[in-house]
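What follows is one structure encoded as structure tokens, with my remarks underneath.
Because the structure is predicted, anything quoted here is derived from the model rather than measured. Protein chains get the first letters and strands the later ones, always in sequence-line order, with residue 1 at the start of each.
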Amino acid sequence: MGGDFLLRIEDTDLDRSETRYEKQLIEDLRWLGLDWDEGPGDPATGTPDKGAHGPYRQSERLGIYAELTERLLAEGKAYRCFCTQEELEAERELAAKEHGPQIYSGRCRALSQATIDENLAAGKPFAVRLKIEDRPLRFHDLVRGEVEFAAETVSDPILVRSASGVSSGVPVYNYVVTIDDALMEITHVIRGDDHISNTPKQVAIYEAFGWPVPEFAHLSTILGADRERLSKRHGATSISTFREMGYLPEALVNYLALLGWGAEDGKTETFTLKELTKAFSLERVTPSPAIFDFDKLNWLNRHYLKLADPARLAALSWGYFGDRLPARDAAPETVQSWFDRMLAVLVPYVDHLDQLPDKAAMIFGFDVEVARADEENATVLAADSARIVLSELATHARAHSGQVTPEVLKAWMNEIKAATKIKGADLFHPVRIALTGSQSGPMFDKLIPLIEEGAALGLGAIGVRERIERFVGV
RNA sequence: GUCCCCGUCGUCUAGCCCGGCCUAGGACACCGCCCUUUCACGGCGAUAACACGGGUUCAAAUCCCGUCGGGGACGCCA
């Protein structure tokens, strides 16, 4: 797909819009690698808008909306509605009782000029509504085909909120997006399918102004594992949460593209952003809702973790260790290089980067009590063979001085095997638990040097011999 | 309640528009085997789906109708 990408800030809700939301949104888009061709500038730094369709904040476009509303009113395509909240509420209740459609009756449509003037003079607050013409409202949807709503099922939409006095209030979202989409020459309106029922109203607005109706594409909802709409309960809901968890943006983008879309060959699943912009097509988007699957996201993230540049991973990962490590730019070169090698060993064991400190506990942060408390470890340790293996191990460790290399450990284990006839998992598991506190993990010849080096660097890591001593209790 | 959208393996999907090539393809997860003196990674393999009922047709996952199920909208929120 090609085209221009304009960023517009929709901040017509006075109460809900705050600059920090705008900042967050922009930060999220940047992180995902989505860059726009046109968009708002930053008043704080004096950066001007970029593009010829500005301003890009709806709060800065109020004058445009007001002018267009006057035009609609003058042409009789919109009207003032003096109904109060209570009156509208009563209408709705009545409709519900009679099993009819819950739409506005349109009773202010036919107010006489005299009544209108009277109300205006009395300072009665009014909203502006669009007059829905009595003909079917149709639009073309790239993912669903032709969609049609009968006029009698569509309520006269509020365009501008009421306000007391002469000045009209703030226009509503459905109205201003339509205006902005038209004025900004948006050709494709792509959004969630919860907007489908807003669309006929927007089509009516395009028609009232005599503007061409754009293409629509309504994407299906993303559901949680319980088939409910994705929400806080399901874990991560905001882009920044995924970032904080240590997901790579390319993994998220790739996964999201796969939710509701399949490549033309029906097989390819991994795409870079660049490949996606070429391969993606709205026509191939599926209309049915999709359930968000963390397993598959994790698989993709592991895939991109393997491909990622080590220096980039180091920069991304360092922060997860908090005060267990010195600040990265203050850390000695020896520590940085040790960290890099540790990452190379550990990253294949995680789904996302925030799991790293937990995995790194086997290298630094070793704790005998925690290791013993683990239920599965305790089961392994309870076996007679495990006791024998550990006591033999301790004997070797006591007799040894200096650093323990993988070769030394290997020799010990071979001797234990020969002396006790204990082998395989029965031999390996107790040793691994005593050394790392875990039954699984990288090969010893990768792990041991990292442990010994970590201990030598004074990062709170305990060396191999001391681990054995503490564990067996000399 | 009214209107709208949706319904292929547990999950994401290919196929559906242009019926036969579909004894329904791929991926994730699960399970098994191999590799590993452990576990994971990796490699190999297996299980697993056209919501249901009618109709059209020589032939239907594909076209038509109905039923059921799920979701959304019904706001002077976005």
Across the strands shown, which category fits [X] at heavy-atom distances under 4.0 angstrom: base, sugar-phosphate, nothing?
| X | answer |
| --- | --- |
| A/Arg144 | sugar-phosphate |
| A/Pro289 | sugar-phosphate |
| A/Glu98 | nothing |
| A/Lys306 | sugar-phosphate |
| A/Ala290 | sugar-phosphate |
| A/Phe444 | nothing |
| A/Ile196 | sugar-phosphate |

Between [options], which nucleotide has the shortest distance from any of its atoms to the side chain of [X]?
| X | options | answer |
| --- | --- | --- |
| A/Arg161 | B/A78, B/C28, B/U37 | B/A78 |
| A/Tyr349 | B/U37, B/C12, B/C39 | B/C39 |
| A/Phe428 | B/A29, B/C76, B/U38 | B/U38 |
| A/Asp295 | B/A40, B/A78, B/C28 | B/C28 |
| A/Asn198 | B/A78, B/G26, B/G72 | B/A78 |
| A/Gln102 | B/A27, B/G1, B/U38 | B/G1 |
| A/Trp299 | B/C12, B/A73, B/C28 | B/C28 |

- Is there side-chain contact between A/Leu256 and A/Leu297, with heavy atoms separated by less than 4.5 Å?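 The answer is no; the side chains never approach within 4.5 Å.
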Distance check: side-chain N/O of [X] vs OP1/OP2 of [N], anything under 4.0 Å?
| X | N | answer |
| --- | --- | --- |
| A/Arg92 | B/U2 | no |
| A/Arg80 | B/C76 | no |
| A/Arg302 | B/A29 | yes |
| A/Lys296 | B/U13 | no |

Charged N-O contact under 4.0 Å between [X] and [Y]:
| X | Y | value |
| --- | --- | --- |
| A/Arg8 | A/Glu38 | no |
| A/Lys278 | A/Glu275 | no |
| A/Arg312 | A/Glu250 | yes |

[atom1] atom, [N] versus [M]: distance in rounded Å?
| N | M | atom1 | answer |
| --- | --- | --- | --- |
| B/A27 | B/G71 | P | 31 Å |
| B/A29 | B/C63 | C1' | 35 Å |
| B/A14 | B/C3 | P | 31 Å |
| B/C4 | B/C41 | C1' | 48 Å |
| B/G45 | B/G25 | P | 15 Å |
| B/C30 | B/G75 | P | 46 Å |

- 5' priority, RNA chain B, between A/Leu297 and A/Asn174 [closest heavy atom]: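 Result of the comparison: A/Leu297.
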- Upstream residue (5' side of RNA chain B) when A/Ser440 and A/Val143 are each assigned their closest nucleotide: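 Looking at RNA chain B, the more 5' nearest nucleotide goes with A/Val143.
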- Task: Find the distance A/Glu148:CD to B/C4:P and express it as a whole number of Å.
- Result: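 A/Glu148 atom CD is separated from B/C4 atom P by 9 Å.
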- Quickly work out the A/Asp194 CG to B/G70 C1' distance and round it to whole Å.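 Whole-Å distance recorded here is 16 Å.
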- Query: Do A/His195 and the base of B/A78 stack face to face, with centres under 5.5 Å apart and an angle between planes under 30°?
  - Reply: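 Stacked: ring centres under 5.5 Å, planes under 30°.
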- Do other residues, nucleotides or ligands put more than 12 heavy atoms under 6.0 Å from A/Glu264 CD?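 12 or below, so no.
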Once the angle between the rings of [X] and [Y] is folded into 0 to 90°, is it parallel (under 30°), tilted (30 to 60°) or perpendicular (over 60°)?
| X | Y | answer |
| --- | --- | --- |
| A/Phe294 | A/Tyr247 | tilted |
| A/Phe292 | A/Tyr255 | perpendicular |
| A/Tyr173 | A/His195 | tilted |

Ignoring hydrogens and angles, write down the donor-acceptor pairs under 3.5 Å from the side chains of residues 126-134 of chain A, residues two or more places apart or on other chains.
unit_1	atom_1	unit_2	atom_2	d
A/Arg129	NH1	A/Asp156	O	2.7
A/Lys131	NZ	A/Gly76	O	3.3

- Query: Is there a donor N/O on one and an acceptor N/O on the other, under 3.5 Å, for the side chain of A/Ser155 and the base of B/C74?
  - Reply: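 No, no donor-acceptor pair under 3.5 Å.
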Report each atom pair, protein N/O against N/O of nucleotides 14-18 of chain B, whose distance is under 3.5 angstrom.
unit_1	atom_1	unit_2	atom_2	d
B/A14	O3'	A/Arg284	NH2	3.3
B/G15	OP1	A/Arg284	NH1	3.0

